[in-house]
**Q** 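Sharing a structure below in structure tokens format, with a few things to ask.
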Amino acid sequence: SPARSLWHAACPLPAGCLGTFGSLIGAAMLSALQMAGPSEIFGKLLSWEVSEADQVDYDFTDVIMAVVAAALLFAIVATSLSRFRSHNKAPLRAQIKIYRRVLRESNPKPQSCDKGPGRAIQAGQLVDFLSHFQTFVRDRSMYYIVSNILEPLTAPEKLSFAELAGPGMLDWFVSHYWGHAFCDFCSSIQKHAQVAPGPDGWRHQRYWICSFSNNQHRVQDEMGEGWSTSSFYLALLHQQRRGTCLVVDEEALPLTRSWCLFEVAQTVEMEKLGDPDHHGLVFCTRSGVVNHGSASVEVSLGLASRLATLRFQDAKASVQKDHDDIKDFVVNKMGGFDKMNAAIRERISGALMESELVVMTSFRTITSSLQSSVSSLGLQRSVSVSTLGS
């Protein structure tokens with residue numbers, strides 16, 4: 001998992017231990033100088049030859065004092081950093097406890113369930129989660145969310161977030177890149193839910209999101225022996241799934257990752273079944289859904305430009321075996337990367353055409369309304385002029 005703090009990344013020992021350790025070093029050096037004498041300790045360090053004219057008289061008392069002062073300063077700084085880290089995390093721990101109570105009110109007896117499609121969360125739950133932790137999330141990514149919030153939140157029961165909050169059968173599978181800002185990710189899902197609501201309203205639409213649906217305390221169990229037994233594949237294969245939400249920005253970063261490529265490939269395969277209730281691949285952005293014409297023109301065109309040149313054979317994975325297995329799937333099941341590239345470009349082209357249709361329809365409606373308003377104002381002006389003339 002990613003480093004949980006800059007301090008731990010730079011220094012693996014706890015700050016309090018480092019402070020004590022630094023103090024002991026200073027004390028040990030002082031004791032050594034007193035017992036052995038400066039000449040024995042520094043003799044070898046200062047063994048280079050210098051001329052009498054260049055020779056400098058060292059005041060070893062000053063050297064000792066400098067070492068002690070440095071050790072004390074190190075101890076003070078390390079201890080202060082330790083207290084700062086502890087104080088800085090205390091409010092987050094408090095909010096996690098509060099949120100656990102909120103979840104317990106809605107789901108008093110959380111229980112484990114089979115991995116896969118039955119562990120989806122509601123769009124409203126995702127939005128409420130962000131709202132509760134907004135102060136800490138800011139512009140951070142899913143990496144921060146998982147290690148700092150989801151893992152400690154679900155640690156007592158060792159369950160997934162979905163199981164803790166109350167799981168349900170998925171409506172949509174979500175494919176995304178963990179490096180995106182979590183706020184943008186949530187905005188993308190919310191906007192999709194609002195333009196494609198179910199019978200109970202947008203807040204009740206259920207999404208299978210790996211970080212929330214998988215048990216982060218048993219990741220290996222979620223992955224299975226290979227992609228065909230993974231929770232991802234089980235969710236993708238479920239017949240109730242209405243489609244795949246590909247959360248993207250102008251850089252199309254999810255499609256540079258092998259697992260996202262696998263998810264998209266599976267969605268393309270499902271489209272071949274011709275199910276009229278299956279919506280296929282839906283491009284979701286923080287400004288709206290490209291397929292529905294609700295995304296900004298800049299984001300839609302930027303995404304299309306990126307996909308026009310993106311080569312899916314260049315996608316990477318953190319685990320080489322995953323990369324090799326997914327590559328074999330694309331080659332053997334999809335007919336190779338050229339066909340995969342063509343399939344994705346065909347779908348973004350179709351999404352742009354749908355978006356253009358929606359935008360042009362909106363333009364025509366607005367233009368017609370403006371012309372009617374101008375005509376009405378012109379008629380009123382003519383009537384007023386005629387009245388004055390008579």
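Given the structure is predicted, the values throughout are model-derived calculations rather than measurements. Residue numbers run from 1 in the order of the sequence given.
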**Q** Parallel, tilted or perpendicular, judged at 30° and 60°: which one describes the rings of Tyr99 and Phe161?
**A**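 Answer is parallel, since the angle falls under 30°.
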
**Q** With distance as the sole test, does Asp139 use its side chain to make a donor-acceptor pair with the main-chain N or O of Ala181 at under 3.5 Å?
**A**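 Looks like no, no N/O pair under 3.5 Å.
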
**Q** If you group Ile, Leu, Val, Met, Phe, Trp and Tyr by side-chain heavy-atom gaps below 4.5 Å, do Val268 and Leu303 land in one group?
**A**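 Result: yes, single cluster for both.
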
**Q** Give the ring-plane orientation class for Phe182 versus Phe185, where under 30° counts as parallel, over 60° as perpendicular and anything between as tilted.
**A**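 The rings of Phe182 and Phe185 lie parallel, inter-plane angle below 30°.
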
**Q** Any idea how His176 and Trp178 line up, ring-wise: parallel (<30°), tilted (30 to 60°), or perpendicular (>60°)?
**A**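 His176 vs Trp178 ring planes: parallel.
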
**Q** Check for a donor-acceptor pair, side chain of Asn214 on one end and backbone N or O of Val219 on the other, with a separation under 3.5 Å.
**A**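 Checked: no pair found.
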
**Q** Drop me the distance from Trp259's CH2 to Met223's CE, to the nearest 0.5 angstrom.
**A**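 Answer rounded to 0.5 Å: 4.0 Å.
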
**Q** List the atom of Thr244, the atom of Arg241, and the distance in Å for their closest heavy-atom pair.
**A** OG1-NH1, 2.6 Å

**Q** Is any side-chain heavy atom of Leu255 closer than 4.5 Å to one of Phe312?
**A**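 In contact.
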
**Q** For Ala265 versus Phe329, what's the shortest heavy-atom pair and its separation?
**A** CB-CE2, 3.7 Å

**Q** Check whether Ser187 reaches the backbone of Cys183 with its side chain - one donor and one acceptor, N or O, closer than 3.5 Å.
**A** no

**Q** Ser147 and Pro152: which non-hydrogen atoms are nearest, and at how many Å?
**A**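 So the minimum-distance heavy-atom pair works out to O-CD, 3.6 Å.
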
**Q** Determine whether the aromatic ring centres of residues Phe212 and Phe129 are separated by less than 6.0 angstrom.
**A**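 Centroid separation for Phe129 and Phe212: below 6.0 Å.
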
**Q** Count the heavy atoms of every other residue, nucleotide or ligand shown that sit under 6.0 Å from CG of Asn332, and state whether that count exceeds 12.
**A** yes

**Q** Measuring only between side-chain heavy atoms, which start at C-beta, is Leu234 closer than 4.5 Å to Asp114?
**A** no

**Q** Can a donor-acceptor pair be found between the side chains of Gln313 and Asn341 at a distance below 3.5 Å?
**A** yes

**Q** Are Val282 and Leu253 joined in one hydrophobic group, where the rule is that I, L, V, M, F, W and Y side chains link up if heavy atoms are under 4.5 Å apart?
**A**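 No.
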
**Q** Below 4.0 angstrom, N of the basic side chain to O of the carboxylate: do Glu157 and Arg100 qualify?
**A**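 Salt bridge flag = yes for Arg100 with Glu157.
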
**Q** Starting at CG of Asn291, measure out to CG of Leu352 and round the result to the nearest 0.5 Å.
**A** 9.0 Å

**Q** Please give me the minimum heavy-atom distance between Cys113 and Gly118, naming the atom from each residue.
**A** SG-O, 4.3 Å

**Q** Salt bridge or not for Arg306 and Glu250, using N-O below 4.0 Å?
**A** no

**Q** Quick one: does Gln266's side chain have a donor or acceptor within less than 3.5 Å of a partner on Leu237's backbone?
**A** no

**Q** Quick one: does any side-chain atom of Ser141 pair with a main-chain N or O of His180 as donor and acceptor, under 3.5 Å?
**A** no

**Q** Measuring from Ile121:CD1 to Trp208:CH2, what's the distance to the nearest 0.5 Å?
**A**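 The distance works out to 11.0 Å.
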
**Q** With rounding to the nearest 0.5 angstrom, report the CG to CD distance, Leu130 to Gln125.
**A**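 The CD atom of Gln125 is 14.0 Å from CG of Leu130, to the nearest 0.5 Å.
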
**Q** Report yes if the side chains of Pro110 and Arg104 come closer than 4.5 Å at any heavy-atom pair, otherwise no.
**A** yes

**Q** Please find the pair of heavy atoms, one from Gln205 and one from Trp172, that lie closest to each other, and give the distance.
**A**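 So the minimum-distance heavy-atom pair works out to NE2-NE1, 3.1 Å.
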
**Q** Output the distance between atom OG1 (Thr367) and atom CE (Met360), rounded to the nearest 0.5 Å.
**A**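 If I round to the nearest 0.5 Å, the distance is 8.0 Å.
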
**Q** Can you tell me if His132 uses its side chain to pair, donor with acceptor, with the backbone of Gln95 under 3.5 Å?
**A** yes

**Q** Is it true that, when you exclude Lys158 itself, more than 12 heavy atoms of the residues, nucleotides or ligands shown sit nearer than 6.0 Å to its NZ?
**A** yes

**Q** Same hydrophobic cluster for Ile96 and Tyr144, using side-chain heavy-atom links shorter than 4.5 Å among ILVMFWY?
**A**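 Yes; tracing contacts between hydrophobic side chains, which count when under 4.5 Å, links both residues.
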
**Q** Applying the side-chain hydrogen bond (donor to acceptor under 3.5 Å, both in side chains) criterion to Glu222, which one of His217, Lys115, Arg119 satisfies it?
**A**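 Per the side-chain hydrogen bond (donor to acceptor under 3.5 Å, both in side chains) rule, the option paired with Glu222 is Arg119, out of His217, Lys115, Arg119.
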
**Q** Any sub-3.5 Å donor-acceptor pair from Ser349's side-chain atoms to Arg345's backbone N or O?
**A**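 No: the side chain of Ser349 does not pair with the backbone of Arg345.
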
**Q** Linking I/L/V/M/F/W/Y whenever any side-chain heavy atoms sit under 4.5 Å apart, do Val290 and Ile189 land together?
**A** no

**Q** When you measure from the side chain of Ser188 to the backbone N and O of Arg286, does any donor-acceptor pair fall under 3.5 Å?
**A**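 Side chain of Ser188 to backbone of Arg286: a pair is present.
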
**Q** Between atom NE2 of His292 and atom CG of Leu357, what is the distance when rounded to the nearest 0.5 Å?
**A**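 If we round to the nearest 0.5 Å, His292:NE2 and Leu357:CG are 12.5 Å apart.
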
**Q** Has Ser368 got a side-chain atom pairing as donor or acceptor with Arg364's backbone, closer than 3.5 angstrom?
**A** no

**Q** Val247 and Val137: same hydrophobic cluster, using ILVMFWY side-chain contacts below 4.5 Å?
**A** yes

**Q** Just by distance, do the side chain of Ser131 and the backbone of Val127 share a donor-acceptor pair under 3.5 Å?
**A**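 Here the side-chain-to-backbone pair does not exist.
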
**Q** Between Ala162 and Ser213, what is the shortest heavy-atom contact and its length?
**A** CB-CA, 4.3 Å

